[in-house]
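Worksheet: one structure, shown below.
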Amino acid sequence: MRLTRSFYRTFKEVPKDAQISSHQLMFRTGMIQQLASGIYSYLPLALRSLRKIETIIRDELNQRGCEEVLMPAVLPAALWQESGRWNAYGDLLLRFQDRKGSDYCMGPTHEEAFTDMVRRHLSSWKQLPWNLYQIQDKFRDEFRPRFGLMRGREFIMKDAYSFDLDEQAAAKSYRLMYEAYSAIFTRCGLKFRAVDAAAGEIGGSMSHEFQVLASSGEDVLLSCTSCSYAVNIEKAAVLQKPNPPDKTQFKDMEIVETPGQKTIEEVSQFLGVQPEKFLKSLVYEADSRLVLVLIAGNLDVNEVKLQAVLNASALRLAAPEKVKEAIGAEPGFIGPVNLPPNINIIADFSASSGENWISGANQNDKHTVNINPERDFQVSEFADITFAAAGDTCPECKEGQMEEFRGIEVGHVFYLGTKYSQAMNCLYLDEEGNSKPVEMGCYGIGIGRTMAAAIEQNHDENGIIWPVPLAPWEAIVLPLQMNNETVTAAAEKVYIDLTQAGIETVLDDRNERPGFKFKDADLIGYPVQITLGARSAAEGKAEIKFRASGEKTELPLDDAVNYIIQWIEDKRQTA
RNA sequence: CGGAAUGUAGCCCAGUGGCCAGGGCACCUGCUUUGGGAGCAGGAGAUCGGAGGUUCGAGUCCUCCCAUUCCGACCA
């Protein structure tokens, strides 16, 4: 590609909206343009990189017996009603009607669509296993789109679905996809970790996230210093050190006045007692029933864990009015003692150690002190519902300590079981003629996000430093003086030789000053720059600069071309 | 969903109710220059987000709408 002919534009300044490096650099290099909140156009440079990621994904999946299909982006409500997610998916689902008033949505994910496609095809156990995937636009009406392609509303996703006879076969499919994902991100040239994850709304029991390591990542991960275990902090188990209450230490319960003191911090200061002696009491609404959640005052409730413990499909803190109505006191003065009998109490393990707790009295402006489980209130279940933290003991090997780092979730694999196949009658006949629901798994990769993560992980103050496998172009030829025929002829030769050797090469044939071309080349992040200047061209030489290392060498033209071909081919393989 | 801010040329930003709305980057023409986003001169480019209102006069004040961004969405 000659830049004089290219739809190409770079910028020195960035819009104030762009907060993180990858967004700023994608804007400055003219890779993307925002059309609406969370909705972007992909310009040529971006699309070339996206296509490379897609090619790597297709290659690794096809090698493992997966087949590509393409489902509609617009999905009928009926399918989503069948699985129960038309309501459960909430406001993230972009819904609309056609001229007849029928309900549709933009697909945010395609479990229903694939399950429907497969059930029309599937009859016998002999047909399985299947693993089908697509690369397609998804739409999720995010609460807060941000960070450019990192959290857009419309985005490109590869989603795959496996269909197996039984749990054992499904586990095999899961492992195969886990391996495929590891191969894919390795080939992309990214530093990543596969971490144990919470399954969330999509359902299912086994799940791993593939996280690209980057300090700007939205996810917090914990990794063991001695074994290979890594886990999302949302799921990380907290090992308990049991310290059962000593009943002989129990004091008499009293009610104290705490006018206007609502938060743990306020009451703690007011009474002069440490926060860890409080039982934080939170009222949650889980699928429209109310639950009181207890946890030591210095800890926070992990809602992901809580939702799993309650087996609820929707969970949120109850609105203050609901709390008032059900309990008769405002949030801030809620506690486990003298609770209406229809409200169950779930407590974190932290509430099972020690004695003489302080909590709200279920009367405004009053707290109870010296309360104790069993004697003063009944907990229906103790569970691990708090956050792990750096420094905790590893819950797997129980030896190492957990250390914290940040990641960008670029891939996710789930074992689904029969959640969708049962709801949607995706059945087959086994060898005995019994009708059985198919075992499913689903597997996603955010393609735009992978590209953004690659930039996030590989840039400096001058611009992007593309890993060769994802670089939109592999090399750029920079003739420094366009009015010098020796220079332009040499540049032309290098450009043609590289292109004919299959190196994806750009020729900067614009009549610009050298500094301008260098800045642009560094910004775009071509892995290799080949400079032809008046001096070197007169000697029949070219200068090579590698973007990643900054290393420079000068070689005769033909040697330079061969050297680059070698170098690029090598980097394409090993990543 | 709640709160706040912003909206002026492709991008970044100025602009007390008062003449023809400014600057930087980018763009066009000419000269000059050619190893790290050059310089000089000239030039084009704006229904000031939209609608309504107040006023002799509105980019500026008021109302409504639209859009974008930020913070929050209840840890009691």
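Just so it is clear: chains get the letters A, B, ... in the order the sequence lines come, proteins before strands, and each one is counted from 1.
- Across all strands shown, A/K280 has heavy atoms under 4.0 Å from base atoms, whether or not it also approaches the sugar-phosphate.
- Contact record, A/I544 with A/Y563: CD1-CD2, 3.7 Å, taken as the closest heavy-atom pair.
- For A/Q481, the listed nucleotide lying nearest its side chain is B/U34; candidates were B/U34, B/C75, B/G36.
- A side-chain donor-acceptor contact under 3.5 Å links A/D520 and A/Y8.
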Problem set entry | Secondary structure string for RNA chain B (Watson-Crick or G-U under 3.5 angstrom, | for other-strand pairs) | (((((((..((((....[...)))).(((((.......))))).....(((((..]....))))))))))))....
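- Relative to the six-membered ring of A/W466, A/R547 misses at least one condition, a distance below 6.0 Å or an angle of at most 45° to the axis.
- Taking the six-membered ring for Trp and thresholds of 30 and 60 degrees, A/F349 and A/F382 have nearly parallel ring planes, at less than 30 degrees apart.
- Taking every side-chain heavy atom of A/L317 into account, B/C74 is the closest of B/G10, B/C74, B/G37.
- With B/C70, B/U68, B/U34 as the choices, the nucleotide that has an atom nearest any side-chain atom of A/Q34 turns out to be B/U68.
- Within the nucleic acid shown, A/E266 has no heavy atom closer than 4.0 Å to any nucleic acid atom.
- Environment of CD in A/E374: sparse, with no more than 12 heavy atoms of neighbouring residues, nucleotides or ligands closer than 6.0 Å.
- At a threshold of 4.0 angstrom between heavy atoms, the contacts of A/D520 include nucleobase atoms, whether or not backbone atoms are also involved.
- Minimum interatomic distance between A/G533 and A/S536 (heavy atoms only, all atoms of both residues): N-OG, 3.2 Å.
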